[in-house]
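Order of listing sets the numbers, starting from 1, for every ligand and every atom in it. Quick note: residue numbers are just sequence positions, from 1.
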Amino acid sequence: MAFLNDNYLKLKAGYLFPEIARRVKVFAEANPEAAKRIIRCGIGDVTEPLPAAVVTAMHKAVDEMATRAGFHGYGPEQGYEWLRHAIAENDFRARGIEVADDEIFVSDGSKCDCGNILDILGGQNRIAITDPVYPVYVDTNVMAGHTGEADASGAYAGLIYLDCTAENGFVAAPPSEHADVIYLCFPNNPTGAVATREQLAAWVAYAQEHQSLILFDAAYEAYISDPAVPRSIYEIPGAREVAIEFRSFSKNGGFTGTRCAFIVVPKTLMASTAGGDRKPLHPLWSRRHTTKFNGVSYIVQRGAEALYSPEGKAQIAALVEHYMGNARILREAASAVGLRVFGGVNAPYIWVSTPAETTSWQMFDRMLGEANVVITPGSGFGAMGEGYFRISAFNSRANAEEVARRMKAIAW
Ligand SMILES: *Cc1c(COP(=O)(O)O)cnc(C)c1O
């Protein structure tokens with residue numbers, strides 16, 4: 001008899017994006033004319049084409065692969081040295097942050113990295129997540145058996161939920177209780193909140209005191225325009241001893257369909273054996289990555305490398321400016337109709353309070369029915385997301401402007 005992983009049966013069936021897709025389909029079938037006008041601001045996927053520097057580099061790489069001399073088979077699982085060097089040099093050392101080339105591990109996505117990291121962590125860890133939250137952190141812990149069952153609100157027994165509310169600016173302070181592993185994401189998906197240096201320093205101090213591990217998701221780092229806001233957890237002294245950072249080319253370079261990301265595992269980062277000895281995590285991750293992963297394609301890594309060229313950097317800046325221009329338009333529209341608006345300044349997501357007495361899903365249905373615009377209901381990201389909705393700035397300028405017009409036309 002083959003046994004299945006019972007933990008999968010604890011996962012909540014009504015996952016956010018399938019439910020959005022279902023409601024959009026039902027609406028479109030009932031309203032075929034309105035269906036043609038639907039604008040999607042729901043899933044956080046980029047819309048603009050790959051930067052020209054990436055396209056050129058990838059074309060060149062394809063041509064190399066077509067020759068015996070330029071052909072590449074299996075590459076190093078951790079990523080080619082030239083890419084690891086470009087990452088460490090440009091994203092960290094050029095900003096005064098100490099990160100060595102061999103502390104970078106190139107992968108095919110942050111989503112996978114977030115889930116895979118649990119392979120090297122013990123099952124006895126007390127896990128803390130923010131609420132609302134990127135669902136991947138929760139679901140991968142459920143799959144790994146780190147939780148009990150979900151209650152009616154969708155909260156899993158055994159997880160520590162850190163409430164993110166308008167009152168704390170959607171940045172949770174460290175809890176009074178003990179957590180072994182903490183997931184932090186800044187700039188935040190879904191709320192668009194960013195953490196100040198002081199707020200991150202409080203988390204690093206907490207992690208030092210509790211010997212805990214911070215899993216820091218910086219997928220939206222490129223969207224930070226405020227020079228006072230840290231772009232990396234390693235800007236905080238002591239973070240090399242307590243944090244792993246997740247980065248992705250999905251949102252800065254438009255790599256959501258191309259697939260390339262990396263994590264930083266400092267060699268100074270320790271965790272405890274069951275017996276209480278402190279050991280470095282770097283060799284464990286290296287072993288895991290080289291055993292279970294066979295590297296990102298040469299062509300894609302050449303494309304990622306091109307993001308660090310002068311042209312690539314300028315093209316990323318232009319993409320970010322484009323999406324943040326949309327964010328400004330959407331923010332202004334939501335404010336103009338009297339809604340409370342958060343985020344959308346150092347992040348491509350706008351987090352909006354629903355009008356009084358309106359739930360997130362009621363708001364979803366209204367936006368779909370009255371404006372033919374797909375947003376994301378806040379409650380899909382956790383109980384604390386109830387009463388909010390997320391608008392993504394990933395769109396064409398014309399669509400962002402049209403969404404703004406339609407929002408203003410709704411009888412709020
Ligand atoms: C989009 C996103 C990522 C990036 O995921 P990839 O798998 O690299 O595309 C990571 N974290 C968050 C919170 C995201 O929204």
Side-chain angles (χ1 to χ4, degrees), residues 15-17 20 40-48 50-51 54 79 83 87 91 104-118 129-141 162 164 170-172 182-195 214-224 231-233 243-264 289 293 295-297 300-301 303-304 307 316 319-320 323-324 327 343-344 346-351 375-376 378 380-382 385 390-395:
Y15 182 66
L16 179 60
F17 293 107
I20 290 176
R40 291 168 197 275
C41 298
I43 295 181
D45 195 359
V46 297
T47 55
E48 303 309 297
L50 285 173
V54 171
L83 179 57
I87 291 168
D91 282 337
I104 305 286
F105 293 86
V106 176
S107 77
D108 60 351
S110 276
K111 190 188 202 181
C112 331
D113 286 336
C114 286
N116 291 337
I117 198 72
L118 297 179
I129 56 144
T130 59
D131 180 5
V133 72
Y134 180 53
V136 175
Y137 312 148
V138 176
D139 289 355
T140 52
N141 274 287
L162 307 168
C164 297
F170 303 99
V171 181
I182 304 115
Y183 289 84
L184 296 178
C185 174
F186 294 110
N188 190 260
N189 176 10
T191 67
V194 287
I214 295 172
L215 299 176
F216 190 78
D217 185 343
Y220 296 95
E221 161 276 330
Y223 292 85
I224 296 173
R231 287 163 166 256
S232 165
I233 187 88
I244 289 174
E245 184 160 303
F246 298 75
R247 292 271 189 116
S248 172
F249 299 110
S250 283
K251 311 297 167 33
N252 65 351
F255 269 46
T256 53
T258 306
R259 311 304 305 142
C260 196
F262 62 90
I263 72 170
V264 185
H289 200 66
F293 187 64
V296 174
S297 97
V300 169
Q301 291 193 61
L307 291 170
I316 287 179
L319 277 174
V320 167
Y323 291 128
M324 290 313 292
N346 291 293
Y349 295 120
I350 297 113
W351 187 244
I375 49 89
T376 318
F381 298 102
R390 188 191 77 176
I391 314 177
S392 162
F394 292 128
N395 228 317

Considering the heavy atoms of [X], write down every atom of ligand 1 situated less than 4.0 Å from one of them.
X: Ser248; answer: 4 (C), 6 (P), 8 (O)
X: Lys251; answer: 1 (C), 2 (C), 3 (C), 4 (C), 14 (C), 15 (O)
X: Asp217; answer: 10 (C), 11 (N), 12 (C), 13 (C)
X: Ala219; answer: 3 (C), 10 (C), 11 (N)
X: Lys111; answer: 5 (O), 6 (P), 7 (O)
X: Ser250; answer: 6 (P), 8 (O), 9 (O)
X: Gly109; answer: 7 (O), 8 (O)

Give me the ring orientation class for Tyr134 and Tyr137: parallel if the planes are under 30° apart, tilted from 30 to 60°, perpendicular past 60°.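 Tyr134 vs Tyr137 ring planes: perpendicular.
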Between Phe262 and Phe249, what is the ring plane arrangement, given parallel below 30°, perpendicular above 60°, and tilted in between?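 Tilted, since the angle between the ring planes falls between 30° and 60°.
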Are Tyr220 and Tyr349 close enough that their ring centres sit under 6.0 Å apart?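 Ring-ring flag for Tyr220/Tyr349: true, centres closer than 6.0 Å.
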Of all the non-hydrogen atoms in the protein, which one sits nearest to atom 7 (O) of ligand 1, and at what distance?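 Heavy-atom neighbour on the protein nearest atom 7 (O) of ligand 1: Arg259 NH2, 2.7 Å.
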Please work out which of Pro187, Ala347, Ser110 has its closest non-hydrogen atom nearest to atom 5 (O) of ligand 1.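 Answer by nearest heavy atom: Ser110.
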Can you tell me if Phe255 has a non-hydrogen atom under 4.0 Å from ligand 1?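 So Phe255 does not count as touching ligand 1.
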Looking only at distances, please establish whether an N/O atom of ligand 1 is found under 3.5 Å from an N/O atom of Tyr137.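 Checking ligand 1 against Tyr137, no N or O pair falls under 3.5 Å apart.
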Between CG of Leu50 and CG of Leu319, what distance do you get to the nearest 0.5 Å?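 With rounding to 0.5 Å, CG (Leu50) is 9.0 Å from CG (Leu319).
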Contact partition for Tyr220 relative to ligand 1, non-hydrogen atoms under 4.0 Å: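 Within the 4.0 Å criterion, Tyr220 contacts ligand 1 through side-chain atoms alone.
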Crowding at CZ, Arg40 (>12 non-hydrogen neighbours, <6.0 Å):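 Open.
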Set out, in order, the CA-CA distance, both residues' side-chain angles and the distance that settles side-chain contact (heavy atoms from CB on, under 4.5 Å) for Tyr323 and Lys251, then state yes or no. CA-CA 10 Å; Tyr323 291 128; Lys251 311 297 167 33; over 6 Å; no
Who passes salt bridge (Lys or Arg N to Asp or Glu O under 4.0 Å) against Asp91, sequence neighbours left out?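 Applying salt bridge (Lys or Arg N to Asp or Glu O under 4.0 Å) to Asp91 gives Arg247.
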Intermediate values then yes/no, side-chain contact (heavy atoms from CB on, under 4.5 Å), Ser250 and Val46: CA-CA 8 Å; Ser250 283; Val46 297; over 6 Å; no
